[in-house]
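The structure under discussion appears below in the form of structure tokens.
Basis for what follows: all heavy atoms, side chains included, without hydrogens, waters or symmetry-related copies.
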Amino acid sequence: MRVLVTGGAGFIGSHVVEALTERGHKAVVFDVRVDPTADVRDAEAVGRALVGVDAVCHQAAMVGLGTGFEDAPDYVSHNDLGTAVLLAAMARAEVRHLVLAGSMVVYGEGRYACPSHGAVRPGPRAVPDLAAGRFEPRCPECGGDLVPGLVGEDAPADPRNVYAATKLTQEHLAAAWARSTGAGVVALRYHNVYGPRMPRDTPYAGVASFFRSSLARGEAPRVYEDGGQRRDFVHVRDVAAANVAALEAGSAEGTLTAYNTGSGEPRTVGELACALASAHGGPQPVVTGEYRLGDVRHITADSSRLRAELGWRPRVAFEEGMREFAAGA
């Protein structure tokens with residue numbers, strides 16, 4: 001299979017290219033890092049790249065929380081306009097198979113249960129609560145304590161920041177394209193991906209990268225809130241393998257099928273910082289109590305559908321991945 005990989009020279013995309021090649025596929029890299037004209041917002045460039053292609057793995061995107069809402073036009077341009085241009089070009093070229101790099105951020109806060117009111121969805125956390133160190137969402141019915149759980153793919157979307165909104169829009173655009181053309185889309189909703197080639201020293205990087213950069217400078221990782229935020233840290237090679245599994249399995253015509261893509265082992269941000277610090281040899285993390293608006297408290301999802309339907313399994317254990325990542329790979 002000849003597969004166009006947008007963002008194929010980037011962090012996740014480069015691993016997807018390697019995984020495809022190992023499986024005997026031909027990966028075609030489309031990325032401004034290697035060719036300044038390879039912009040997914042350029043219809044002519046995308047059209048040329050699609051010649052002879054059987055499927056597309058769309059990894060190109062602007063990621064992370066960024067520096068503030070002023071970034072919104074750039075996020076929309078890169079993520080949503082870029083996706084729309086790509087899909088229009090795929091319709092013209094009659095390329096009917098797409099794997100989309102989605103994100104668990106489309107859910108907003110994760111799943112919660114109240115002992116008195118069952119499953120509930122708390123609203124955005126209030127600034128006065130965050131400033132006072134009250135980080136846990138409360139039951140919207142009684143104000144009581146909540147127990148976080150795993151989110152399934154059928155949970156309602158509730159994006160809480162600009163990046164999340166653009167990732168949800170990408171899915172909506174892809175679903176509309178599938179219905180219009182009879183094509184098939186798989187959206188892999190990535191959890192917190194880490195591993196070799198992860199961007200560093202940029203406000204658009206992930207928390208694991210921030211921590212490793214601090215350690216490389218001999219500084220203690222600075223952990224926001226109280227470090228109790230639950231996430232699912234999944235290794236980039238496992239995410240690349242999920243992309244290959246989705247491409248090889250195909251998808252139902254005229255539809256978008258979403259799969260949560262995580263390790264299945266929720267960890268706290270504090271645990272991540274401690275694991276990296278220990279693997280690196282210190283210094284130990286500092287819990288700051290600081291917070292970022294737009295961050296959610298807990299988001300971990302159930303990835304069992306991906307395992308059951310595509311036969312995918314994560315292979316890189318958390319401890320092994322942390323040792324590799326701390327070593328600077």
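- When all heavy atoms of Arg212 and Leu276 are compared, the pair lying nearest together is N-CD1, 4.3 Å.
- Checked by atom type, the side-chain pair Tyr291/Asp129 shows no donor-acceptor distance below 3.5 Å.
- A donor-acceptor pair under 3.5 Å is absent between the side-chain atoms of Asp158 and the main chain of Gly108, judged by distance alone.
- Taking each heavy atom of Val185 and Ala178 in turn, the nearest pair found is CG2-CB, 3.9 Å.
- Look at Arg267 and Glu265 and you find a salt bridge, because one of the NZ, NE, NH1 or NH2 atoms lies within 4.0 Å of a carboxylate O, short of that distance.
- Within the 3.5 Å criterion, the main-chain N or O of Pro199 finds a donor-acceptor partner in the side chain of Ser209.
- At distances below 3.5 Å, not a single donor-acceptor pair connects side-chain atoms of His25 with backbone N or O atoms of Val3.
- No donor-acceptor distance shorter than 3.5 angstrom exists from the side chain of Arg96 to the backbone of Gly184, with no hydrogens or angles considered.
- At most 12 heavy atoms of other shown residues, nucleotides or ligands fall within 6.0 angstrom of atom CD in Glu44.
- The NE2 atom of His15 lies 7.0 Å from the CZ atom of Arg237; values are rounded to the nearest 0.5 Å.
- Between the Trp312 side chain and the Asp238 main chain, a donor and an acceptor come within less than 3.5 Å of each other.
- At distances below 3.5 Å, not a single donor-acceptor pair connects side-chain atoms of Thr261 with backbone N or O atoms of Leu188.
- Taking the charged nitrogens against the carboxylate oxygens, Glu253 and Arg179 have no contact shorter than 4.0 Å, which rules out a salt bridge.
- In this view, Ala273 and Phe211, Pro221, Val223, Pro285 satisfy the side-chain contact (heavy atoms from CB on, under 4.5 Å) rule, not counting sequence neighbours.
- Residues Phe233 and His191 keep their aromatic ring centres 6.0 Å or farther apart.
- A salt bridge links Glu225 with Arg297: at least one charged nitrogen is closer than 4.0 Å to a carboxylate oxygen.
- Taking CD1 of Ile12 as the reference point, atom CG of Asn243 lies at 8.0 Å (rounded to 0.5 Å).
- Contact detail for Leu146 and Pro148: the closest heavy-atom pair is O-CD, 3.8 Å.
- With rounding to the nearest 0.5 Å, the separation of CZ in Arg121 from OH in Tyr112 is 10.0 Å.
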_Using the rule given for side chain to side chain donor-acceptor pair (under 3.5 Å), can you reason through Thr6 versus Gln59, listing the C-alpha separation, both sets of side-chain angles and the distance that settles it, and then say yes or no?_
CA-CA 5 Å; Thr6 70; Gln59 303 293 320; over 6 Å; no

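- Placement of Val207 and Val286 in two distinct hydrophobic clusters is found when ILVMFWY residues are connected by side-chain heavy-atom separations under 4.5 Å, directly or transitively.
- The backbone N or O of Thr268 sits less than 3.5 Å from a side-chain atom of Glu271, completing a donor-acceptor pair.
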*Begin with the C-alpha distance, continue with both residues' side-chain angles, and end with the deciding distance and a verdict on side chain to side chain contact (heavy atoms under 4.5 Å, CB included) for Leu256 and Val186.*
CA-CA 6 Å; Leu256 180 148; Val186 172; over 6 Å; no

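- The two residues Val5 and Ala27 come nearest to each other via the heavy atoms CG2-CB, 4.4 Å.
- Put simply, OG on Ser303 and CG on Asn260 are 5.0 Å apart, with the number rounded to the nearest 0.5 Å.
- A donor-acceptor pair under 3.5 Å links the side-chain atoms of Thr21 to the main chain of Val17, judged by distance alone.
- Using a 4.0 Å cut-off between charged side-chain N and carboxylate O, Arg197 and Glu18 make a salt bridge.
- A donor-acceptor pair is defined here as one N or O able to donate and one able to accept, closer than 3.5 Å; such a pair exists between the side chain of Thr255 and the backbone of Ala252.
- At least one test fails for Arg189 against the ring of Tyr259: distance under 6.0 Å to the centre or angle within 45° of the axis.
- Side-chain contact, Asp80 with Thr166: no donor N or O sits under 3.5 Å from an acceptor N or O.
- Closest heavy-atom contact between Gly110 and Ile299: CA-CD1, 3.9 Å.
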*Step-by-step side chain to side chain donor-acceptor pair (under 3.5 Å) determination, Glu136 to His298*: CA-CA 9 Å; Glu136 292 290 343; His298 305 298; 3.0 Å; yes

